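Numbers for residues simply follow the sequence, beginning at 1. Quick caveat: nothing in here was measured; it's all calculated off a predicted structure.
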Amino acid sequence: MTTAVLPGSFDPPTYGHLSIIERASRLFDSVDVVIAVNPDKNYLFSAEERMKMLSSLVGAYDNVQIHTWNKLIVEYARKIGANVLLRGVRNVNDFAYELDLSMMNHTLNSEIDTIFIPAEQQYAIVRSSSIKDLAKFGGDLSGMVPPVVAEALHRKYTAQ
């Protein structure tokens, strides 16, 4: 059985993320979506909020599980016996960054290989940071995030 690990901050989850998850669920026996928890990073949503949103969004995929992790992703992969990391890439800038990370991860654990999944064209410009900026000013998020995420963003920004 092949388990793939898809790490990310998912702050917030987007249709681009969901596209990668859905495609990965068809390619691998099991997919662990791992939400990064880095105390040095400022997230809009807590790890629990991100986990709750993602869990509700991937419920249709029996082979996808959502987890949080606050250490190196290669340690998570080692812990569960996975040797594949998945990364979505939107453009050559993403690819260059992710390629460097994949080499570092492979150096840390030579059993780990990274597979890049290109974003579908309609999600190539979808970035969590841009979505947060758009939400802050009341922009239309309907083509970028599911309704549950749009509602959570709206609640965050109207509470401030």
For the residue pair V64 and S25, what are the closest heavy atoms and their distance? CG2-CB, 3.8 Å
Dump the intermediate steps for side-chain contact (heavy atoms from CB on, under 4.5 Å) on V5 and I80, then the final yes or no. CA-CA 10 Å; V5 176; I80 67 160; 3.9 Å; yes
List the atom pairs, with distances to 0.1 Å, where a side-chain N or O of residues 50-60 and a protein N or O form a donor-acceptor pair under 3.5 Å, not counting sequence neighbours.
unit_1 : atom_1 : unit_2 : atom_2 : d
R50    : NE     : F45    : O      : 3.1
R50    : NE     : S46    : O      : 3.4
R50    : NH1    : S9     : O      : 2.7
R50    : NH1    : A36    : O      : 3.0
R50    : NH2    : A36    : O      : 3.4
S55    : OG     : M51    : O      : 2.8
S56    : OG     : M53    : O      : 2.7

Residue pair D94 / N91: nearest heavy atoms and the distance that separates them: N-OD1, 2.8 Å
According to side chain to side chain donor-acceptor pair (under 3.5 Å), who are the partners of S142, at least two apart in sequence or on a separate chain? D140
Under a 4.5 Å side-chain heavy-atom rule over Ile, Leu, Val, Met, Phe, Trp and Tyr, are V149 and M144 clustered together? yes
Between I112 and Y76, is there shared hydrophobic-cluster membership here, with clusters defined by ILVMFWY side-chain heavy atoms closer than 4.5 Å? yes
Is there a side-chain contact (heavy atoms from CB on, under 4.5 Å) between V84 and D113 once you walk through the steps? CA-CA 5 Å; V84 174; D113 285 306; 5.5 Å; no
Please report the interatomic distance CG(L27) to CG(L86), rounded to the nearest 0.5 Å. 8.0 Å
From E48 atom CD to I35 atom CD1, the distance as rounded to the nearest 0.5 Å: 9.5 Å
Would a single hydrophobic cluster contain both V126 and I117, if residues Ile, Leu, Val, Met, Phe, Trp and Tyr are joined by side-chain heavy-atom contacts under 4.5 Å? yes
Single-linkage hydrophobic cluster, 4.5 Å side-chain cutoff, M103 and L101 together: no
Crowded around R78 CZ? As in, over 12 foreign heavy atoms under 6.0 Å? yes
Can you name the closest pair of heavy atoms from T3 and A82 and give their distance? O-CB, 3.4 Å
For S128 and P12, indicate whether the former's side chain and the latter's backbone hold a donor-acceptor pair under 3.5 Å. yes
Hey, could you give me each pair passing ring pair (Phe, Tyr, Trp, His ring centres under 6.0 Å) that has a residue in residues 102-154? Not counting sequence neighbours. F95-F116
Assess whether atom CG of D100 is packed by more than 12 heavy atoms of other residues, nucleotides or ligands within 6.0 Å. yes
Between the main-chain N or O of V74 and the side-chain N or O of N105, is there a donor-acceptor pair closer than 3.5 Å? no
May I have all residue pairs that pass ring pair (Phe, Tyr, Trp, His ring centres under 6.0 Å) and include part of residues 17-42, sequence neighbours excluded? F10-H17
Any residue meeting side chain to side chain contact (heavy atoms under 4.5 Å, CB included) with P147, in chain and number order, not counting sequence neighbours: Y15, E151
Verdict with supporting geometry, L18 and Y61, side-chain contact (heavy atoms from CB on, under 4.5 Å): CA-CA 11 Å; L18 296 175; Y61 309 114; over 6 Å; no
Yes or no on side-chain contact (heavy atoms from CB on, under 4.5 Å) for K156 and L44, after CA distance, side-chain angles and deciding distance? CA-CA 8 Å; K156 284 283 184 185; L44 178 63; 4.3 Å; yes
E111 CD: over 12 foreign heavy atoms closer than 6.0 Å: no
Would a single hydrophobic cluster contain both L85 and V89, if residues Ile, Leu, Val, Met, Phe, Trp and Tyr are joined by side-chain heavy-atom contacts under 4.5 Å? no
Can you tell me how far CD1 of I20 sits from CD of E120, rounded to the nearest 0.5 angstrom? 7.5 Å
Backbone of T2 reached by a side-chain donor or acceptor of D29 within 3.5 Å: yes
R155 vs E49, salt bridge (charged side-chain N to carboxylate O under 4.0 Å, His left out): CA-CA, chis, key distance, verdict: CA-CA 12 Å; R155 281 193 305 274; E49 289 171 315; over 6 Å; no
For L141 and A135 the tightest heavy-atom approach is CD1-CB, 3.7 Å
Between CD1 on residue I21 and CG on residue L6, distance to nearest 0.5 Å: 5.5 Å
Scan residues 11-24 for pairs that pass salt bridge (charged side-chain N to carboxylate O under 4.0 Å, His left out), counting only residues two or more places apart or in two chains. D11-K132, E22-R26
